[in-house]
Each structure stands twice: as structure tokens, then as C-alpha cells.
There are 2 protein chains.
Amino acid sequence: MATIKEIASMANVSRTTVSRVLNNSGYVSEEVRKRIIKVIEETGYVPSQQAKSLRTKKTKVIGVILPTIKTETSGRLVAGMDDELSEAGYQILLANTNHEKQKEIEFLQLLKVRQVDGIILAATNVNDLLVEKIKQLDIPFVAIGQEISDVSNILYDDYQAAKDITSLFINKGHQQIGFIGVDESDLAVGMWRKKGFFDQMEEKGLSVEEAWVEQGVFNIQSGYEAMSRIIQNSNQTPTAVFAVTDRLAIGAIRWLNEHSYAIPSDMAIAGVGASELSNYITPPLTTVDYENEKAGKEAAKLILRQIEKNNKVIEKITLNYRLLERDSV
Amino acid sequence: MATIKEIASMANVSRTTVSRVLNNSGYVSEEVRKRIIKVIEETGYVPSQQAKSLRTKKTKVIGVILPTIKTETSGRLVAGMDDELSEAGYQILLANTNHEKQKEIEFLQLLKVRQVDGIILAATNVNDLLVEKIKQLDIPFVAIGQEISDVSNILYDDYQAAKDITSLFINKGHQQIGFIGVDESDLAVGMWRKKGFFDQMEEKGLSVEEAWVEQGVFNIQSGYEAMSRIIQNSNQTPTAVFAVTDRLAIGAIRWLNEHSYAIPSDMAIAGVGASELSNYITPPLTTVDYENEKAGKEAAKLILRQIEKNNKVIEKITLNYRLLERDSV
DNA sequence: CTGAAAGCGCTTACAG
DNA sequence: CTGAAAGCGCTTACAG
């Protein structure tokens, strides 16, 4: 690869002048400019981002920390970010924690060392250590999916969405409604969705039998098992079950199908996430679409704005969602 | 952020010596070493990758070019790569072409300018311009999914997999078998899978009516429409259809379900890809599992080996696949 | 065992 | 309008 020095000598000018035409800064006479551009084109010269970054302290790279890269949600999120980011000349440096908490912190550090211009974190659980680390980071930062005070956030309205799903069940005449959740250390998915469900039930004066409430993890098998436990342990079986993720809901449906429960007549089911799967299982699953791609885009816009404004703006954005009413309810 | 200069002065040594303990190179007396380490720990100093890269010409970053980041396949591929790469201290810089061909070439250039240590390309269609560009790149390079001469490749055995699927149909007694493919400019998916199908049919002396062969694109809707055309246009309806991707197969199944065809008794269907969806639709889809995560891992290993060996090895690896026989056949 | 100096490839005051 | 020089934060011969 050629360097600016070689270009300069080929064009009989100084590096300074070449730099000026490269960056369109300062005055350069038309004649000289043309001469330099000609040399650049002939040689196919491209300035080293590396060297440039060292000098300017800008890398045009955004670090993105994800709990996993295998899921649809992550894919859509990243696609949305990339859309916005690449337009502005930024690229994404990926950091995949594989759900290991302490890696989130390591990556925060690592990305900073790599001098990324900003960091977007798809947050799962927030703990004090992480929050503290984020605050002392002092570079543009956006968290998606979980509220963290004093930093920019893109949030989903988990509470209201859960209330809406619960309302939907109730409006369809269900009174005995079960719930499959996840650990509440995940505030958004575990805590808020659960609270939305219980608050709505309470508002309508409906009680929830203890055996109707189960906890699982983020996969299909877990929903299958949770459904099985609910049926086994209930005195009176619920007529509907709200699962906090599509995968849990799909596992539940699978169990019901295998045990000859008709859906929705014997049991109604709803999930959250609008996975592609949800639309193609039998019956199609009622779910809420969080529009992850849009979330990714918004996060990217936020980080770009922070970079522009020198890291001085904190914005909180709560995204809309769409309730997709399908045949499972 | 502190710099090596400050650390040096705090420890009362030269930058050279600090650099030596940082990199474990050359001799440093125990006493001095301890003093320096102490300062490093106290300050939390971490050397700038930026500056280091400029000097050493190594960035510890691998560029990954993908046709899309939204699909499961991409997610798994990247997860596999990241697994291997992060272990070796590398990170992934993402380049998403969104299926725009000319972006592949742009990114090749861009990634080189960013001084990545290597590039992995999840190839879709290979054209001469791209191949030429790759060859003049002169940095470690691996292509996944498509054969490119003179460069390292991770390949799927599309031809044999297609033959196997076709054989499976035939062994189940099918004689009239249809085919839903994609454009043959995608050599792997379009050309080789088609050839495997036709060769196998020919070997068994089975003929294929023209109307049984349709072409779609990479989504579910397209499979739906292709299936519809096959049924509409055939003199004699086939009893089985091989779709070259799961999405096409799932679209076909949807059409059949809507039109009251029983699967597999009225029509057997198979796909390729082992998407999560394939296992949860009704009936579960027979498909082939290419183990994308493994492909990603292997690609990463290959690129690492090339970096180590100074870009002098060209390896071609064809991966195994698993035929997943499920209820749709 | 340790340090002074050059250099990686750029940009940016400063001077003219 | 143009250039000499310093500097970004490191590493690496070279010398001692």
C-alpha cells in the first residue's frame, strides 16, 4: 500500500498538501489539486485509517455488545444498527458475550482500548458493577432493552405490552390465566412483563392460582416443560397461558399439541417477540412485535447524535410495539 | 487514558522498558518489572491498540462480509467464527452487503483500508470482478459456501446433499418429483443443488416434467407461489417436491396446507438448511443440516492458520452434512 | 539489563 | 496558497 509520503513526492508537493485535498480542508490551488487527484487515482491510494485514527482520535467504529448473535432478535437489531451506521460511514465491531455476565464488563474495556467511537449494549441484566463501569467509561453509550439511569436508553414497553396481552385474554372471556416467565434478574423480560400480567389481572379482579405460574429460561424446551408442570400441578387448569417469550410459548404449544389439547379452545396461548417461527407454527401464535430492527436503528441514531454533540446528551426512547392477534388466542 | 510515556515517568524508566514488560519481550530485571507492573495496575493503564497496530501492522481484527445479518444462517456462522476468533484474541468487524453485489467489492477495499488481519466472505454469487479483486487483495482470505479457485474455501457438499434428498424421495416410492430452485448465478444453491437433483433422477431413470420445475427467491412467499404454479401448470401433479431452501419448502407447505393437501401422503416436501422453523412447522420438515456454526468455526481456524503462516496456505474444506428425516417425507 | 532515537502514516497549528 | 515540523502512542533495532 502506498503512503501519503509517496503520493506527495509523486505529485511534487508536501504531505500537508496531499492531506488537504484528501480531507477537503484548507486552500489548495486548482492546478495542484488536480495533479494530486490524478496521482491518487493512478495509484489507487487510500489513506490508512489506522494512522488517521491515531491522530484524530476517531475510528469510525462502533462497538456492539450482544448476549448472543445466534437469535433472530440479535440479527434484526444489528441489521437495523448497521443500516443507519454504515450510511454515516461507521462500521460495527462485534462483541458477543454468550450470556456470560462478566464478559460484558471485559468487552466494555476492550472496546474502549480499541478506541471505538461509541458503544451500544443490548442489555440483559444490569448489575451495579456494570453500571459503574459504564459510567466511568466516558464515551458515547446507548443501552437497549433495559433502563439504566444517567445513560441513553432504547426501551421496549414491556409493562404495557404484558398488560395488553392479558387484556386480550380477558376480553376473550378467559378468567383463569397462567403465566410462564423468566428469572426476574432480567428486569425487562422477567420483572416488568410479570408485573404487567399481575397488575392487569388484579385490576380486573381476577386471581391467579400459584400452580399457574411457572418460570423457564430462554428456549423452547423450557416452555414445553413449564406447560407440563402447569397442567400437572393445577387444581383447576387455566384456560389461557401468557408466555413472556415466543420460544416459551412455542414449547408450551408443542406440549399441548402432543397431549391433544386444542388451541385456542382448550387453551389459549400468547408470546412476545414476533419471531418468524411464531407465524408458521400451528396455530399461528398471538404475540407482540417489538420491531427490533427499528430499535437497532434508533440506537444507532442516538449514538451518532451523542458523537456529534460530544457525548453530552442523554436520551430515553420508549418504542412502540404492535400486538399481533393470531389464531392461538 | 494514560499513555506509555506517563507510565514510564511514573516508574522512573524509559518507554522502551515499559514496552518490554507489556509485551514480555527482552530482558527486564525483576525489580524494575515489579515497579512497572505496580504502576500499571494502579493506573489501570492499557496500551492503545491503535498505536500498536500502526507500528506492528497487526490489528487483531477480522473483517466478515455477509449478504445479510438477519437470517439464522448468518447468525450461526458468525457465532461459530466468533467462538474461535475471540479465543485467539481477535474481534469481528462486520460488513453487511444487504445482498448488493457491488458492496462486496467495496467492503473488500474498506476492510483492507481498516487494516484487518484477514477477511472472511460468506459468498453468494461469484463474479470475475470479485474474484480478481480478492486475488489482488493479498491478505489472508477465506470464502464460505462458494468455490473460488486459488483461495481458501469452506464448502458445503450441495451436490451430494441434493442427491441424497432426491434418493430419499425415490426410496419412499416417489417417481414424479418436482423441484423449486433459485437463480443459478448462485452456484452453490442454484446450480449444484439443481444438478444433484437432476443427476439423481437421471441415474434412476426418472423423468421430470417441465412444469414440475420452478424457480424462486430466498423467502417463504416465493415458495408459496412456486408451489402454486407447479400444481396449476402440471399435467400430472408430482407426488413430491424438493425445495432448495427451508424457506421455499415452508412456503410450499403453507400453500399445500391451505389447499387441503395432506403432507406427506398427497405431497412430500423436503428443504435444505435445518432452520429452527423447519422443526416446528406442521409437519416437521425433512431437511439437511449444514452445521453453519461449524462452518464458521472452520473458516475462523483457516484464517488464523493463514495469518500464522503468513498467508501462504490455500486449503479447501468440504464439510459434512446431516440429513434430517422428519415427517414431511 | 536499560535507554535514546527512529519510525509507523497520518493531521494540524504555525509560519511564510 | 504551500510546506517544515511536531505529535498521536506505540515498538524495535542499535548501542552501551
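Residue numbers start from 1 in every chain, and the chains themselves are labelled A, B, ... in the order their sequence lines are given, proteins ahead of strands. These figures come from a predicted structure and were not determined experimentally.
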**Study point:** Base-pairing string, 5' to 3', of DNA chain C - Watson-Crick or wobble, under 3.5 Å, | interstrand
**Key:** |||.||||||||.|||
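- Side chains of B:Ser14 and B:Thr17: a donor-acceptor N/O pair is present below 3.5 angstrom, by distance only.
- Atom pair A:Ile4:CD1 and C:dG7:P shows a separation of 18 Å (rounding to whole Å applied).
- Closest to the B:Arg15 side chain, of the nucleotides C:dT11, D:dA4, D:dC10, is D:dC10.
- The distance from atom NZ of B:Lys58 to atom C1' of D:dC10 is 16 Å, rounded to the nearest whole Å.
- Computed from coordinates, the B:Gln50 CD to D:dT11 P distance equals 13 Å when rounded to whole Å.
- Across the protein-nucleic acid pair, B:Leu22 atom CG and D:dG9 atom C1' stand 11 Å apart, rounded to whole Å.
- Taking atom CZ of residue A:Arg35 and atom P of nucleotide D:dC1, one finds them 15 Å apart after rounding to whole Å.
- Rounded to whole Å, the distance from NZ on A:Lys52 to P on D:dG9 is 18 Å.
- Proximity of A:Tyr45 to the phosphate of C:dG9: no side-chain N or O atom is located under 4.0 Å from OP1 or OP2.
- Taking only side-chain nitrogens and oxygens, B:Ser53 never comes nearer than 4.0 Å to OP1 or OP2 of D:dC10.
- Between the side chains of B:Asp186 and B:Gln146, at least one donor N or O sits under 3.5 Å from an acceptor N or O.
- For B:Ser48, no side-chain nitrogen or oxygen approaches OP1 or OP2 of D:dC8 to under 4.0 Å.
- Atoms CD1 (A:Ile7) and C1' (D:dG3) sit 18 Å apart, rounded to a whole Å.
- The side chain of A:Lys57 contributes an N or O atom lying less than 4.0 Å from OP1 or OP2 of D:dG9.
- Candidate nucleotides D:dC10, C:dC10, C:dG3 were compared by shortest atom distance to the side chain of B:Thr3, and D:dC10 ranks first.
- For the pair A:Ser149 and A:Lys135, the minimum side-chain heavy-atom distance is below 4.5 Å.
- Side chain of A:Asp157 to main chain of A:Leu319: no donor-acceptor pair is present (N/O by atom type, distance under 3.5 Å, no hydrogens or angles).
- Straight-line distance from the CG atom of B:Asn24 to the C1' atom of D:dT11: 15 Å, rounded to whole Å.
- In this model, no donor atom of one side chain and acceptor atom of the other lie less than 3.5 Å apart for A:Asp82 and A:Tyr90.
- Closest-nucleotide positions on DNA chain C for A:Lys5 and B:Val13 were compared, and the one nearer the 5' end corresponds to B:Val13.
- No more than 12 heavy atoms of other residues, nucleotides or ligands shown are found within 6.0 angstrom of CD on B:Glu31.
- Look at B:Thr56 and you won't find any side-chain N or O under 4.0 angstrom from OP1 or OP2 of D:dT11.
- Among the atoms of the strands shown, only primed sugar atoms or phosphate atoms (P, OP1, OP2) are found under 4.0 Å from some heavy atom of B:Ser29.
- The nucleotide whose nearest atom lies closest to any side-chain atom of A:Ala51 is, among D:dC10, C:dG9, C:dC1, C:dG9.
- Across D:dT11, C:dT2, C:dT11, the shortest atom-to-atom separation from the side chain of B:Arg55 is found for D:dT11.
- Nucleotides of DNA chain D nearest to B:Arg20 and B:Leu54 differ in position, and the one nearer the 5' end is that of B:Leu54.
- Between the side chains of A:Ser185 and A:Asp183, at least one donor N or O lies within less than 3.5 Å of an accepting N or O.
- Within the structure, a side-chain polar atom (N or O) of B:Ser14 is placed less than 4.0 Å from OP1 or OP2 of C:dG3.
- Between the side chain of B:Lys316 and the backbone N or O of B:Val151 there is at least one donor-acceptor pair closer than 3.5 Å.
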